[in-house]
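Here's the structure we're looking at; comments come further down.
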Amino acid sequence: MADPVEDRELARQRLRLWVSMLKSVRSIETELRGRLRSSFDTTLPRFDVLAALHAAPQGLTMTDLSQQLMVSNGNVTGIVDRLVADGMALRQNEETTAVPFASR
């Protein structure tokens, strides 16, 4: 069996690594959000929805889209509503399917 002191030190090292990785991810995400805003006047959630729709030219139901993005149906609905209003997506009534505007 491993020495409890070594186990605690390994646990501390793993925690430090995890915290360091989390800080890096947050820093990258902050930079990405800033670049999307300044270069394309969009948000990361809008980009995520558009990317998912681009990958599925036949469209996605709102439920499939929310599951794919791992967010609530309400969040997806709000984003898709704004994309539709901006002419960047279409909504069809085949179980409320969202499709990228360019594919139609």
Side-chain angles (χ1 to χ4, degrees):
M1 183 162 207
D3 181 2
V5 173
E6 289 176 14
D7 286 347
R8 275 187 258 129
E9 182 55 33
L10 181 59
R12 282 189 197 107
Q13 289 174 358
R14 287 179 177 167
L15 180 59
R16 275 189 236 120
L17 176 60
W18 187 86
V19 169
S20 178
M21 290 173 61
L22 183 59
K23 286 180 184 178
S24 295
V25 166
R26 284 185 178 163
S27 176
I28 291 167
E29 186 175 300
T30 298
E31 180 68 20
L32 178 59
R33 285 177 188 275
R35 287 185 185 199
L36 283 170
R37 174 72 63 202
S38 65
S39 297
F40 302 103
D41 193 29
T42 196
T43 64
L44 187 55
R46 284 172 60 107
F47 176 83
D48 288 340
V49 168
L50 289 171
L53 292 175
H54 178 75
Q58 76 286 359
L60 293 167
T61 65
M62 300 299 267
T63 298
D64 290 340
L65 186 55
S66 70
Q67 287 174 349
Q68 190 172 10
L69 298 175
M70 295 185 284
V71 297
S72 73
N73 282 345
N75 284 344
V76 166
T77 299
I79 294 167
V80 170
D81 284 347
R82 289 186 295 279
L83 289 172
V84 168
D86 292 344
M88 299 180 78
L90 294 174
R91 184 174 287 160
Q92 297 176 338
N93 273 343
E94 298 170 6
E95 296 182 43
T96 316
T97 300
V99 295
F101 186 74
S103 74
R104 296 286 175 217

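- Comment: Glu29 does not engage Arg26 in a salt bridge, judged by the lack of any side-chain N to carboxylate O separation of less than 4.0 angstrom.
- Surrounding CZ of Arg14 are at most 12 heavy atoms belonging to other residues, nucleotides or ligands under 6.0 Å away.
- Under the 4.5 Å side-chain criterion, counting only non-hydrogen atoms from C-beta, Arg33 is in contact with Pro45.
- To the nearest 0.5 Å, atoms CD1 (Ile79) and CG (Asp48) are separated by 8.0 Å.
- Looking at Leu65, Leu69, Asp64, Val71 one by one, the single match for side chain to side chain contact (heavy atoms under 4.5 Å, CB included) with Gln67 turns out to be Asp64.
- The minimum heavy-atom distance linking Ala89 with Leu53 is given by the pair CB-CD1, 4.3 Å.
- Distance CD/Gln68 to OG1/Thr61: 10.0 Å, rounded to 0.5 Å.
- Taking CG from Leu36 and CZ from Phe47, the interatomic distance works out to 6.5 Å, rounded to the nearest 0.5 Å.
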Original post:
Does the pair Met88 and Arg46 meet the rule for a side chain to side chain contact (heavy atoms under 4.5 Å, CB included), with working shown?
Top reply: CA-CA 10 Å; Met88 299 180 78; Arg46 284 172 60 107; 3.3 Å; yes
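- Put simply, Leu50 and Phe40 are part of two different groups of oily side chains (I, L, V, M, F, W, Y) that touch within less than 4.5 Å, one to the next.
- Between Leu83 and Val49 the shortest side-chain heavy-atom distance falls below 4.5 Å.
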**OP:** Please report the C-alpha distance between Arg37 and Leu44 in whole Å, then the side-chain angles of each, then the deciding distance to 0.1 Å, and finally whether the side chain to side chain contact (heavy atoms under 4.5 Å, CB included) criterion is met.
**Re:** CA-CA 8 Å; Arg37 174 72 63 202; Leu44 187 55; over 6 Å; no
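- Checked by atom type and distance alone, the side chain of Thr77 pairs as donor or acceptor with a backbone atom of Asn73 at under 3.5 Å.
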Subject >> Evaluation steps, side chain to side chain contact (heavy atoms under 4.5 Å, CB included), between Gln13 and Leu10 >> reply: CA-CA 5 Å; Gln13 289 174 358; Leu10 181 59; 4.1 Å; yes
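- The heavy-atom pair separating Met62 from Val80 by the smallest distance is CE-CB, 3.7 Å.
- Atom CG of residue Leu60 and atom OG of residue Ser66 lie 10.0 Å apart, to the nearest 0.5 angstrom.
- Side-chain contact of Arg35 with Ser39: a donor-acceptor pair under 3.5 Å is absent, judged by distance alone.
- Residues Trp18 and Met21 do not share a hydrophobic cluster, defined by chaining ILVMFWY side chains whose heavy atoms lie under 4.5 Å apart.
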